[in-house]
Colleague: 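Before we start, here is the structure in question, set down as structure tokens.
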Amino acid sequence: PGRAWGRGRGSAAAAGAAGGETAAEEAAAIVRVRHCGPDIFCRCPPERCPACGRPLRGAALPAAPVRLPSPFRRGHRQRGAFLLRPAGAAAFLGGYDGESDLHVGITSTNGLVYNYDEEGIHRDETGWEQCISVPLVQPDMFGLLHQWDELLEEFSAGEAWLPHRYEEHDHNCYTYALAFINSVLTAQGKQQMSKSEFTEKFVIPQTKKASKYITLHQELTANEFYIVYHPDQEKQC
């Protein structure tokens, strides 16, 4: 989803920063049922298959409802990650149109989100509750984890990230995040990554999953069921 890496702060849907899944997240859950061939998506498993009308109770194990994992994460719970969310106040599952600008940031080890816009560097404690997350530091990278916050703070204090340096298309939030990632790679003696390389390798696979999930969410907002027939299946049972 999304075409541009532009400006944007605002607050994404700030639901349930602490604790387990919220009521809103539970209500937005997507379930897949495979009974007579097509994939049937819904919020709650029906008693009868919407495609063939036969009862689902007592059906074979492959027909058991499966809850789809959400591609979105609570950004403030991610340690050392690259985060992506819609710019402004929209959330991916709450008004995002698939075309608006996206905003990115980098998390500290305690979930503080560092991000850059026309106002300079921000260290957000809230506002990143529904994000696409790309982990940058693995749990076993103890040395890097120990230095991460210091490296992030020191990098963010650089003159390159003063407000007047901001330029929406050429020196923006993505520029900042990728420059920090490359500074860490350089310090580790590793090769830097171009914007296109990082995007293609790490961001696009995640946004493709998110795009499919958003499509399902939108369909199920308007309809009780969303039935997907495969190319080798006829739309009948």
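Remember, it's a predicted structure, so these values are computed and weren't measured experimentally. The basis for the numbers below is simple: all heavy atoms, side chains too, and nothing from hydrogens, waters or symmetry mates.
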Colleague: Please examine the side chains of V104 and N115, heavy atoms only from C-beta on, and report whether any two atoms are closer than 4.5 Å.
Modeller: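 Result no, sub-4.5 Å side-chain heavy-atom pair not found.
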Colleague: Please say which of Y176, F180, Y114, Y166 ends up in a ring-ring contact (aromatic ring centres under 6.0 Å, His included) with W161.
Modeller: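 Exactly one pass, corresponding to Y176.
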Colleague: Could you tell me which non-hydrogen atom of R85 sits nearest to which non-hydrogen atom of Q130, and how far apart they are?
Modeller: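 Looking at all heavy atoms of both residues, the shortest contact is CB-O, 4.0 Å.
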Colleague: Quick one: which of Y116, Y174, F82, W128 gives a ring-ring contact (aromatic ring centres under 6.0 Å, His included) with H103?
Modeller: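 Among the candidates, only W128 passes.
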Colleague: Where does the angle between the aromatic ring planes of F202 and F198 fall among parallel (under 30°), tilted (30 to 60°) and perpendicular (over 60°)?
Modeller: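 F202 and F198: tilted rings.
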Colleague: Which heavy atom of L56 sits nearest to which heavy atom of P46, and what is that distance?
Modeller: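 Closest heavy-atom pair between L56 and P46: CD1-O, 3.2 Å.
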Colleague: Of the non-hydrogen atoms in G75 and L83, which two are nearest, and what is the gap between them?
Modeller: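 That closest heavy-atom pairing would be CA-CD1, 3.5 Å.
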Colleague: Please list, chain by chain and in numerical order, all residues satisfying side chain to side chain contact (heavy atoms under 4.5 Å, CB included) with E154, sequence neighbours excluded.
Modeller: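 Side chain to side chain contact (heavy atoms under 4.5 Å, CB included) check on E154 returns nothing, list empty.
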Colleague: With rounding to the nearest 0.5 Å, note down the distance linking CD1 in I214 to OG1 in T221.
Modeller: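 Taking CD1 in I214 and OG1 in T221, the distance rounds to 11.0 Å.
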Colleague: Check side chain to side chain contact (heavy atoms under 4.5 Å, CB included) between N223 and all other residues, then give those that pass, not counting sequence neighbours.
Modeller: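 Side chain to side chain contact (heavy atoms under 4.5 Å, CB included) list for N223, sorted by chain: E219.
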Colleague: M141 and V184: same hydrophobic cluster, using ILVMFWY side-chain contacts below 4.5 Å?
Modeller: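 Linked, M141 and V184 end up in one cluster.
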Colleague: Using every non-hydrogen atom in the two residues, find where G127 and H76 come nearest and quote the distance to one decimal.
Modeller: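 Looks like N-NE2, 3.5 Å.
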Colleague: Using the side chain to side chain donor-acceptor pair (under 3.5 Å) criterion, which residues pair with S108? Sequence neighbours excluded.
Modeller: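 Result, side chain to side chain donor-acceptor pair (under 3.5 Å) vs S108: N110.
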Colleague: So, for T107 and Q78, which heavy atoms are closest and what is the spacing to 0.1 Å?
Modeller: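 Looking at all heavy atoms of both residues, the shortest contact is OG1-O, 2.9 Å.
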